[in-house]
There are 2 protein chains.
Amino acid sequence: MPTSSKADRTAAYWAFEDSLGYLARLVFRSFSMLREAKTREHGVSAGHWPFLRQLWREDGVSQHELSRRLVMQDATTAVALRGLEKEGLIHRRVNRRDRRETLVYLTPHARALAGTLLPVTREVQAAATRGLSPEEVERLRGLLFRIVANLAEEEFSSRC
Amino acid sequence: MPTSSKADRTAAYWAFEDSLGYLARLVFRSFSMLREAKTREHGVSAGHWPFLRQLWREDGVSQHELSRRLVMQDATTAVALRGLEKEGLIHRRVNRRDRRETLVYLTPHARALAGTLLPVTREVQAAATRGLSPEEVERLRGLLFRIVANLAEEEFSSRC
DNA sequence: TGCATCTTCTTAGTATACTAAGATAATGCT
DNA sequence: AGCATTATCTTAGTATACTAAGAAGATGCA
């Protein structure tokens with residue numbers, strides 16, 4: 001048996017039916033691996049994707065603001081953006097109104113990539129939710145969000 | 001403003017309402033960060049936790065079998081187990097029936113930790129699902145599992 | 001204007017987990 | 001018994017993302 005069969009893997013997943021944390025880990029990892037497989041050929045890695053995606057929505061924002069929107073640390077953002085800049089996907093400019101800030105802009109190339117890569121999200125999303133009704137997907141999002149909110153509050157209160 | 005307020009962070013989360021992948025990332029990260037905060041004082045890191053947890057269910061299994069059950073790569077398992085061994089949480093012994101295998105056993109210390117640390121899972125789980133009915137939690141697990149299964153199939157078919 | 005303050009960004013070090021490639025050692029067929 | 005095969009485990013290198021600490025530079029009050 002060269003690799004584990006699909007039935008084997010499914011059995012492994014069921015072993016965690018009692019843990020939402022593990023299920024979330026599997027969902028997250030499956031999503032990003034599948035997406036990376038589809039975006040790699042365009043020179044976009046798993047780590048760059050969230051930044052690109054957010055910048056397609058709005059660019060010309062500061063690194064700190066970008067970190068906030070992606071719920072990332074400033075250090076993580078700084079390292080990732082260095083990579084994106086080296087790939088020619090972004091360029092940075094000092095904010096004239098507050099020259100402490102560096103504003104991040106997409107290059108024309110990165111902007112054009114949106115047309116190619118945004119459908120990828122929809123593809124992955126469609127594959128992931130195959131067999132689920134729109135109502136079920138909506139319910140899932142709602143439940144996930146309530147969990148995120150619960151845990152954020154927990155973390156918040158344990159800090160104070 | 002020293003750190004972003006809770007309202008700020010909630011706003012950031014909502015920016016991803018359309019992406020199950022991001023919600024899963026947030027859920028996974030929130031879970032493991034909160035759990036790590038609670039287990040660190042017992043010398044158990046986020047990376048060691050899954051192995052310990054699986055071994056509490058059953059130890060005396062090979063490293064490869066452990067990898068399979070946790071959906072981890074063998075290399076990842078090998079590195080993590082080296083750490084667990086150094087911490088005195090596991091020891092390894094050659095399988096007599098097939099001496100190519102190394103079987104992994106919990107130490108008495110690690111076994112005793114279960115009593116202290118298993119309640120932590122339940123605590124985190126309870127915090128995460130606060131305000132959700134048992135039916136909603138069950139429905140959430142079912143939906144997440146269907147997504148994992150969908151993505152596993154996708155990955156499987158794209159490999160062949 | 002000058003200096004303290006504040007924001008923003010970067011560097012350094014660490015943890016987790018991946019892939020690829022190879023070492024090791026037992027198994028089992030001829 | 002010998003040797004090819006196989007399973008298992010390890011090493012090396014890379015990617016992602018964290019925390020802590022600090023540099024750099026702009027702001028704004030005295």
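Throughout, a chain's letter reflects where its sequence line sits, starting with A, and its residues are numbered from 1. The figures here come from the full heavy-atom set of this structure, side chains too, leaving out hydrogens, waters and symmetry mates.
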Practice problem: Calculate the interatomic distance between A:Met72 atom CE and D:dT19 atom C1'; express it in whole Å. | Solution: 16 Å
Quiz prompt | Phosphate OP1/OP2 of D:dT10 contacted by B:Gln63 side-chain N/O (<4.0 Å) | solution = yes
Quiz item: Do B:Thr102 and B:Arg93 come within less than 4.5 Å of each other through their side chains, counting heavy atoms only?
Solution: no
Quiz prompt | First of A:Arg100 and A:Thr77 reached from the 5' end of DNA chain D, by closest nucleotide | solution = A:Thr77
Quiz item: Within the pair B:Thr102 and D:dC9, is there a side-chain N or O less than 4.0 Å away from OP1 or OP2?
Solution: yes
Quiz prompt | Euclidean distance, B:Leu52 CG relative to B:His42 NE2, rounded to 0.5 Å | solution = 11.5 Å
Quiz item: Phosphate oxygens OP1/OP2 of C:dT10: is one of them under 4.0 Å from a side-chain N or O of A:Arg92?
Solution: yes
Quiz item: A:Asp74: what forms a side-chain hydrogen bond (donor to acceptor under 3.5 Å, both in side chains) with it, not counting sequence neighbours?
Solution: A:His64, A:Ser67
Quiz item: Taking the side chain of A:Ala75 as heavy atoms from C-beta outward, which of C:dT8, C:dC18, D:dT19 is closest to it?
Solution: D:dT19
Quiz item: Touch check for B:Arg97, heavy atoms < 4.0 angstrom, all strands: base, sugar-phosphate only, or nothing?
Solution: sugar-phosphate
Practice problem: Tell me whether the OP1 or OP2 atom of C:dC18 has a side-chain N or O from A:Arg29 closer than 4.0 Å. | Solution: yes
Quiz item: Of A:His64 and B:Val79, whose closest DNA chain C nucleotide lies nearer the 5' terminus?
Solution: A:His64
Quiz prompt | Rounded distance (Å) that lies between atom P of C:dT16 and atom OH of A:Tyr22 | solution = 12 Å
Exercise. Quickly work out the A:Phe28 CZ to C:dT16 P distance and round it to whole Å.
Key: 16 Å
Exercise. Answer yes or no: are there more than 12 heavy-atom neighbours, outside A:Arg130 itself, under 6.0 Å from its atom CZ?
Key: yes
Practice problem: Quick one: do B:Glu136 and A:Arg139 satisfy salt bridge (Lys or Arg N to Asp or Glu O under 4.0 Å)? Show the steps, please. | Solution: CA-CA 9 Å; B:Glu136 283 178 313; A:Arg139 207 181 300 150; over 6 Å; no
Exercise. To the nearest Å, give me how far apart CG (B:Leu103) and P (C:dA25) are.
Key: 17 Å
Quiz item: What does B:Glu101 touch in the nucleic acid at a heavy-atom separation under 4.0 angstrom: a base, only the sugar-phosphate, or nothing?
Solution: sugar-phosphate
Self-check item: Nearest-Å distance for atom pair CG/P, residues B:Leu81 and C:dA15
Solution: 17 Å
Exercise. Answer yes or no: does atom CZ of A:Arg111 have more than 12 heavy-atom neighbours from other residues, nucleotides or ligands under 6.0 Å?
Key: yes
Exercise. Return no unless some side-chain N or O of A:Thr76 is found under 4.0 Å from OP1 or OP2 of D:dC18.
Key: yes
Quiz item: When you check the phosphate oxygens OP1 and OP2 of C:dT7, does a side-chain N or O of A:Arg99 lie under 4.0 Å from one of them?
Solution: no
Quiz item: Quick one: A:Asp74 CG to D:dA17 C1', roughly how many Å, whole number?
Solution: 13 Å
Practice problem: State which of C:dT11, D:dT10, C:dC9 makes the closest approach to the side chain of A:Arg82. | Solution: C:dT11
Quiz item: Considering only side-chain heavy atoms of A:Ala46, which listed nucleotide, D:dT16, D:dC18, D:dT11, is closest?
Solution: D:dT16
Quiz item: B:Asp98 side chain: which of D:dC18, C:dT27, C:dT8 is closest?
Solution: C:dT27
Quiz prompt | For atom CD of B:Glu65 and atom P of D:dA7, their distance in whole Å | solution = 14 Å
Quiz item: Once you round it to whole Å, what is the distance between P of D:dT16 and CG of A:Leu70?
Solution: 14 Å
Quiz item: DNA chain D: A:Ser45 or A:Gln73, which has the more 5' nearest nucleotide?
Solution: A:Ser45
